[in-house]
Student: 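Below is one structure. I have some questions about it.
Chain naming here is simple, since letters A, B, ... match the order of the sequence lines and numbering starts at 1 in each.
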2 protein chains.
Amino acid sequence: MKEATIYDIARHLGISAATVSRALNGHPGINAQTAEKVNKAALALGYQSNKFASSLRKQKSNTLGVIVPRLNSYVMSSILSGMERVANESGYNLIISQSLELERKEIENARTMFNSRVDALLISLAFDTETFDHITPFIKKKIPVVFFDRVLDHPSCTSVVIDNFKDGYEGTKHLIEQGCKKILHVTGSLQRNVYKDRLRGFEAAMREYHLDFSDENVIFTSFDNDAPQNVMEKISEMTTPPDGIFFTNDACAAGTCILLKKAGYSIPGDIAIVGFNNDPISKVVEPNLTTIHYPGIEMGEIAVQTIISHLEGNLNVNQGSTVVLRSELVVRDSSRRI
Amino acid sequence: MKEATIYDIARHLGISAATVSRALNGHPGINAQTAEKVNKAALALGYQSNKFASSLRKQKSNTLGVIVPRLNSYVMSSILSGMERVANESGYNLIISQSLELERKEIENARTMFNSRVDALLISLAFDTETFDHITPFIKKKIPVVFFDRVLDHPSCTSVVIDNFKDGYEGTKHLIEQGCKKILHVTGSLQRNVYKDRLRGFEAAMREYHLDFSDENVIFTSFDNDAPQNVMEKISEMTTPPDGIFFTNDACAAGTCILLKKAGYSIPGDIAIVGFNNDPISKVVEPNLTTIHYPGIEMGEIAVQTIISHLEGNLNVNQGSTVVLRSELVVRDSSRRI
DNA sequence: ATGAAAGCGCTAACAA
DNA sequence: TTGTTAGCGCTTTCAT
């Protein structure tokens with residue numbers, strides 16, 4: 001059975017294909033009755049618009065490309081969920097791919113997105129991405145690019161982020177206020193703003209309160225499954241253990257928390273702990289984790305809204321601007337000493 | 001700047017567009033030197049193949065459509081991660097959309113996928129989906145459909161699942177072996193095989209061991225955020241509390257576990273608990289949750305592999321067949337009494 | 001091994 | 001308000 005085309009509808013009704021096309025697309029200046037007839041006929045013939053033809057003609061795919069480090073993390077899947085909801089509502093499709101934290105794969109994915117002619121690109125960078133070259137083709141071709149979460153400062157790209165410096169600062173300040181003197185910061189690649197800025201916030205708070213701050217205070221990890229184990233080893237190598245730890249990831253914080261308790265530390269008594277993300281896991285581990293609430297769903301929604309309003313010409317957000325979402329400290333028992 | 005097309009390359013080299021197209025696609029029977037020249041010129045001109053034109057002509061999009069209930073759940077994001085990896089490796093794009101557990105939205109999404117001319121559809125059903133009508137168009141048009149996780153038995157669709165009956169049976173049997181007599185089963189919509197089969201397994205074990213089984217033993221929930229609270233209320237309304245609970249979802253199990261402890265129950269002493277999925281949360285809640293390991297990533301990989309080999313004509317898997325992945329009971333402290 | 005030519009289905013500029 | 005017409009860029013049949 002051949003697919004019905006607008007020509008079939010046109011022939012069927014004795015009108016032109018152009019009129020059919022216009023009617024189907026709700027063009028203004030088309031006779032209401034004609035429109036009605038066309039829609040009926042379309043239904044009767046089981047007509048389905050051919051996106052390829054339309055995209056080829058319009059040079060527009062109604063598809064947004066999304067590149068994330070991983071699909072299956074709490075924050076990322078929340079962001080994607082928000083993105084999908086808004087995109088779907090606005091009639092856009094989402095092509096999603098993951099870099100698995102590898103620059104190599106991120107570059108490859110970007111190329112695929114480019115070839116797939118996505119109308120816009122939404123991207124959160126891999127751990128080790130250094131180059132910007134894979135983004136340049138989009139900019140050159142004026143395809144809007146929005147960075148979210150793990151961003152890069154570029155004059156022609158919008159970013160959607162939280163205030164990582166503030167959060168790093170506040171989490172640390174909170175620990176200090178609870179009486180911690182020797183605080184550890186467990187974080188990811190400084191290549192990425194999220195970790196770099198949180199560390200800057202950490203340092204700022206430490207210095208403000210005249211506490212020792214040096215490389216010794218920072219542990220780097222890739223947040224894989226062995227991360228808690230590795231953190232424990234580093235701690236046991238220290239002459240005096242810390243009395244506070246600020247993790248930039250709840251899952252790692254929770255895992256380490258369990259190991260610390262097993263090793264005989266009381267939490268928050270001996271070591272107070274702060275995590276990051278407000279992952280559901282933070283409300284399950286005992287004691288419940290003090291953490292920074294990360295507005296993932298919202299971030300996804302805003303990122304897509306921004307890019308769509310850009311695509312549709314409502315330039316209420318300038319290129320190169322940054323949207324900073326509200327994030328905040330949620331105090332729970334893992335750090336409450338007073 | 002205009003995009004370079006195969007015509008530009010053709011003109012540039014004084015050959016025909018047809019030859020360029022063939023060279024670019026690695027057609028057999030093209031002069032090796034010609035091919036080389038073409039590839040060089042393509043690179044030099046910054047040529048990017050136009051997928052719309054190609055898809056329009058070939059009636060094939062190299063895109064797989066995926067519909068899931070939600071993007072942001074542990075199992076689903078794991079499955080999607082596996083799918084993306086394999087699809088990406090094989091040169092396919094993934095268009096992902098979520099039904100948010102609504103049949104209405106699932107139908108809408110299916111239509112979008114259909115119009116987007118996906119080469120195949122991968123779908124896991126919403127809580128309340130009853131109709132099959134939104135799938136029929138794909139079958140009629142011979143677009144392969146693979147169901148995963150929440151499936152539907154249909155002669156022309158492949159399914160990828162775990163043995164939910166077995167898991168329901170084994171989880172229950174385990175509780176019985178630990179001495180439980182009055183066991184509750186907390187589960188989702190019986191519309192869906194995953195819950196229906198687990199319940200059947202539950203019932204089978206209960207009957208096998210001559211324990212009371214009736215509607216009283218089953219609590220239904222949509223597994224939203226209030227689920228643990230609701231379960232607690234149901235329990236407190238009971239004249240005698242249960243001594244074992246089998247949840248078909250770890251997050252809900254963990255949440256309820258916390259509430260139970262707060263209410264003074266000892267776990268597993270008073271109430272033994274088994275969850276489902278082997279969500280990371282199961283290793284954090286105290287006591288650690290006995291659960292059923294769900295091979296999410298693997299399921300995603302297999303589902304996409306199956307569909308791609310189907311698309312490429314390697315029909316090593318028959319239509320209508322079912323792939324059952326290995327899942328298994330993981331015993332931890334939440335149920336260990338002996 | 002290569003070329004000529006037709007057409008996939010749609011949209012938009014222009015004309016009426 | 002509607003129709004005519006010319007492509008969008010690619011693949012493929014048929015011919016050479």
Student: Does C:dA12 have its OP1 or OP2 closer than 4.0 Å to a side-chain nitrogen or oxygen of A:Ser21?
Tutor: no

Student: Round to a whole Å and report the spacing from CG of B:Leu24 to P of D:dC10.
Tutor: 8 Å

Student: What integer distance in Å separates A:Glu3:CD from C:dG7:C1'?
Tutor: 16 Å

Student: Tell me, yes or no, whether the heavy-atom count around B:Lys141 atom NZ, taken from other residues, nucleotides or ligands under 6.0 Å, exceeds 12.
Tutor: yes

Student: Between B:Val323 and B:Phe148, is any pair of side-chain heavy atoms under 4.5 Å apart?
Tutor: no

Student: Closest nucleotide of DNA chain D for A:Thr34 versus for A:Tyr7: which of these residues is on the 5' side?
Tutor: A:Thr34

Student: If you check the B:Lys58 side chain, which of D:dT12, C:dC10, C:dC8 turns out closest?
Tutor: D:dT12

Student: Between B:Ser16 and A:Ala17, just flag the one whose closest nucleotide in DNA chain C comes earlier from the 5' side.
Tutor: B:Ser16

Student: Tell me whether the side-chain N/O atoms of B:Gln59 come closer than 4.0 Å to OP1 or OP2 in C:dG9.
Tutor: yes

Student: May I ask you to evaluate whether A:Gln48 reaches the phosphate of C:dG9, defined as a side-chain N or O under 4.0 Å from OP1 or OP2?
Tutor: no

Student: Starting from P on C:dT2, measure out to CZ on B:Arg11 and report it in whole angstrom.
Tutor: 20 Å

Student: Inspect the surroundings of NZ in B:Lys60 and state if more than 12 heavy atoms from other residues, nucleotides or ligands are less than 6.0 Å away.
Tutor: yes

Student: A:Leu13 CG to D:dT2 C1': how many Å, rounded?
Tutor: 14 Å

Student: Could you state the atom-to-atom distance from CZ of B:Phe52 to P of D:dG7 in whole Å?
Tutor: 21 Å

Student: May I ask you to say whether A:Arg150 pairs ionically with A:Glu101, meaning some side-chain N is under 4.0 Å from a carboxylate O?
Tutor: yes

Student: So A:Ser49, base contact, sugar-phosphate only, or nothing? Heavy-atom distance under 4.0 Å.
Tutor: sugar-phosphate

Student: Roughly how many Å is it from CZ in B:Arg22 to C1' in C:dG3, rounded to a whole number?
Tutor: 7 Å

Student: Start with the C-alpha distance between A:Tyr7 and A:Val20, add both sets of side-chain angles, then the distance that settles side-chain contact (heavy atoms from CB on, under 4.5 Å), and finish with yes or no.
Tutor: CA-CA 8 Å; A:Tyr7 283 97; A:Val20 174; over 6 Å; no

Student: When the distance from CD1 of A:Ile9 to P of C:dG9 is rounded to whole Å, what number comes out?
Tutor: 13 Å

Student: With the side chain of B:Ala18 defined as its heavy atoms from C-beta on, choose the nearest nucleotide among D:dT1, C:dA5, D:dC10.
Tutor: C:dA5

Student: Rounded to whole angstroms, how far apart are CG on B:Leu56 and P on D:dC8?
Tutor: 13 Å

